[in-house]
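Following: one structure in structure tokens, then a few remarks.
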Amino acid sequence: MAGTPIGDSADAPPRLAEELAGADVVAAEDTRRLRRLTQALGVTPRGRIVSYFEGNESARTPELVAELLGGARVLLVTDAGMPSVSDPGYRLVAAAVEKDIRVTAVPGPSAVLTALALSGLPVDRFCFEGFLPRKAGERLSRLREVAEERRTLVYFEAPHRLDDTLAAMAEVFGAERRAAVCRELTKTYEEVRRGGLGELAAWAAEGVRGEITVVVEGAPEKGAEEIGAEELVRRVRVREEAGERRKEAIAAVAAAAGVPKREVFDAVVAAKNAGA
């Protein structure tokens, strides 16, 4: 497989042109975009070009594995970035590995790493979450699963859903949680907008275009003395909404915060009595 530019064709690694020219089969997510890339690189593939996208990935994988078993050199490319990273590729790699076929990669640009580097947020530990579910309820549930994640989070998102996603993040993570919206990376109109999730949600509500990567700061590691009753209650609610029973949620929150379970229980009861 080979990484392809995420915006500027000049970012293509030198080996990409060599592999495109020499492969027996080039499996491309979009053959039209591949044609534009080869023209930009001044390359004429000598091998057969086939489409390999979400709609035909399952059916085409056995064909490509058969080509590999027959000795063909198959090159997999997607529209932008590295195959398998929220793009087609995983099924083919897994099938090839199962048949003991050698798999290697031509490293290339990655929207995930580029956004992390530009975000201004901690990058020593991070996790990639891909695209969130489209339905609001499922999206909130997925976010609640990582509400206490301390590593930096990276997401892909469609521009027309960005405002809803940022608003949901502000609801679950807190409006002040720092984030960066990276738009059109390496392209002419590249933009990195940094700020709190609430501020970014308000900005996105005006409309945003282009390909989007969102980087979100991980949950803060607070000392027990810094965590107030309101925050303890919020953490319990997040866990309950993710499916935990209240008793288990209280115990988990208490353990993570380093406070007695009774303190968390009392906070939850007080909030309930106050109608919060």
Side-chain angles (χ1 to χ4, degrees), residues 6 81 85-87 110-185 189-222 226-228 230-244 249 252-253 256-257 271 276:
I6 58 176
V85 182
S86 282
D87 278 329
S110 164
V112 174
L113 298 181
T114 303
L116 276 166
L118 295 177
S119 69
L121 298 172
V123 297
D124 54 330
R125 299 176 66 227
F126 68 89
C127 53
F128 175 58
E129 289 289 307
F131 284 93
L132 286 166
R134 297 181 181 183
K135 294 182 179 179
E138 294 176 5
R139 181 167 55 229
L140 284 170
S141 295
R142 183 74 60 82
L143 290 171
R144 286 168 183 143
E145 290 175 5
V146 294
E148 303 303 324
E149 174 59 64
R150 290 175 181 165
R151 292 174 294 178
T152 298
L153 302 161
V154 185
Y155 295 88
F156 288 160
E157 190 50 280
H160 62 279
R161 292 197 299 268
L162 180 62
D163 56 341
D164 289 337
T165 291
L166 290 172
M169 288 178 172
E171 177 183 340
V172 176
F173 299 155
E176 300 304 314
R177 179 84 71 88
R178 293 188 301 162
V181 176
C182 304
R183 185 179 73 86
E184 295 289 87
L185 289 171
Y189 298 104
E190 175 181 286
E191 178 183 16
V192 180
R193 177 75 62 143
R194 305 174 183 87
L197 285 167
E199 172 191 345
L200 291 172
W203 162 75
E206 299 177 4
V208 179
R209 295 182 179 181
E211 296 187 353
I212 307 293
T213 305
V214 180
V215 185
V216 183
E217 181 180 34
E221 184 174 359
K222 298 179 180 179
E226 300 178 59
I227 304 175
E230 184 178 342
E231 173 63 13
L232 293 173
V233 172
R234 187 191 72 81
R235 292 186 181 190
V236 170
R237 284 177 175 166
V238 166
R239 287 181 171 273
E240 285 187 299
E241 289 168 353
E244 283 191 25
V253 168

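- Here the CG atom belonging to Leu143 is positioned 12.0 Å from the CD atom belonging to Glu138, to the nearest 0.5 angstrom.
- Side chain of Thr152 to backbone of Pro122: a donor-acceptor contact under 3.5 angstrom is found.
- At least one donor-acceptor pair closer than 3.5 Å links the side chain of Arg139 to the backbone N or O of Arg134.
- Evaluation of the salt bridge (charged side-chain N to carboxylate O under 4.0 Å, His left out) rule for Arg151 yields Glu149 as partners, not counting sequence neighbours.
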Could you pull out all donor-acceptor pairs under 3.5 Å where a side-chain atom in residues 166-178 meets a protein atom, sequence neighbours excluded?
residue	atom	partner	partner atom	Å
Arg177	NH1	Glu217	O	2.7
Arg177	NH2	Ala147	O	3.4
Arg178	NE	Glu217	OE1	3.3
Arg178	NE	Glu217	OE2	3.2
Arg178	NH2	Glu217	OE2	2.8

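- The shortest heavy-atom contact between Gly81 and Ile6 is N-CG2, 3.7 Å.
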Pair up each side-chain donor or acceptor in residues 153-161 with any protein partner under 3.5 Å, not counting sequence neighbours, and list the distances.
residue	atom	partner	partner atom	Å
Glu157	OE1	Arg161	NE	3.2
Glu157	OE1	Arg161	NH2	3.2
Glu157	OE2	Thr165	OG1	2.6

Run Val253 and Val238 through side-chain contact (heavy atoms from CB on, under 4.5 Å) and show every step you take. CA-CA 10 Å; Val253 168; Val238 166; over 6 Å; no
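- Closest approach of Ala180 to Val192, counting heavy atoms only: CB-CG1, 4.3 Å.
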Under 3.5 Å, which donor-acceptor pairs do the side chains of residues 203-210 form with other protein atoms, sequence neighbours left out?
none

Under 3.5 Å, which donor-acceptor pairs do the side chains of residues 194-201 form with other protein atoms, sequence neighbours left out?
residue	atom	partner	partner atom	Å
Arg194	NE	Leu118	O	3.3
Arg194	NE	Ser119	O	3.3
Arg194	NH2	Leu118	O	2.6

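- With sequence neighbours excluded, the residues forming a side-chain contact (heavy atoms from CB on, under 4.5 Å) with Asp87 are Glu29, Thr78, listed by chain and number.
- Scored by the salt bridge (charged side-chain N to carboxylate O under 4.0 Å, His left out) test, Glu211 finds Lys187 as partners (sequence neighbours excluded).
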Intermediate values then yes/no, side-chain contact (heavy atoms from CB on, under 4.5 Å), Leu113 and Phe128: CA-CA 10 Å; Leu113 298 181; Phe128 175 58; over 6 Å; no
Run Arg234 and Glu148 through salt bridge (charged side-chain N to carboxylate O under 4.0 Å, His left out) and show every step you take. CA-CA 11 Å; Arg234 187 191 72 81; Glu148 303 303 324; 3.6 Å; yes
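- Taking the side-chain hydrogen bond (donor to acceptor under 3.5 Å, both in side chains) definition, one finds that Glu145 meets it with nothing, sequence neighbours left out.
- Legend: residues meeting salt bridge (charged side-chain N to carboxylate O under 4.0 Å, His left out) with Arg193, ordered by chain and number and at least two apart, are Glu191.
- Every residue meeting the side-chain hydrogen bond (donor to acceptor under 3.5 Å, both in side chains) condition with Glu244, not counting sequence neighbours, appears here in chain and number order: Arg239.
- For Arg142, the salt bridge (charged side-chain N to carboxylate O under 4.0 Å, His left out) criterion is met by no residue, not counting sequence neighbours.
- Taking 4.0 Å as the cut-off between side-chain N and carboxylate O, Glu240 and Arg237 do not count as a salt-bridged pair.
- Under the salt bridge (charged side-chain N to carboxylate O under 4.0 Å, His left out) criterion, no residue pair touches residues 120-132, with sequence neighbours excluded.
- Across Leu121 and Val215, no two heavy atoms sit closer than the pair CD1-O, 3.6 Å.
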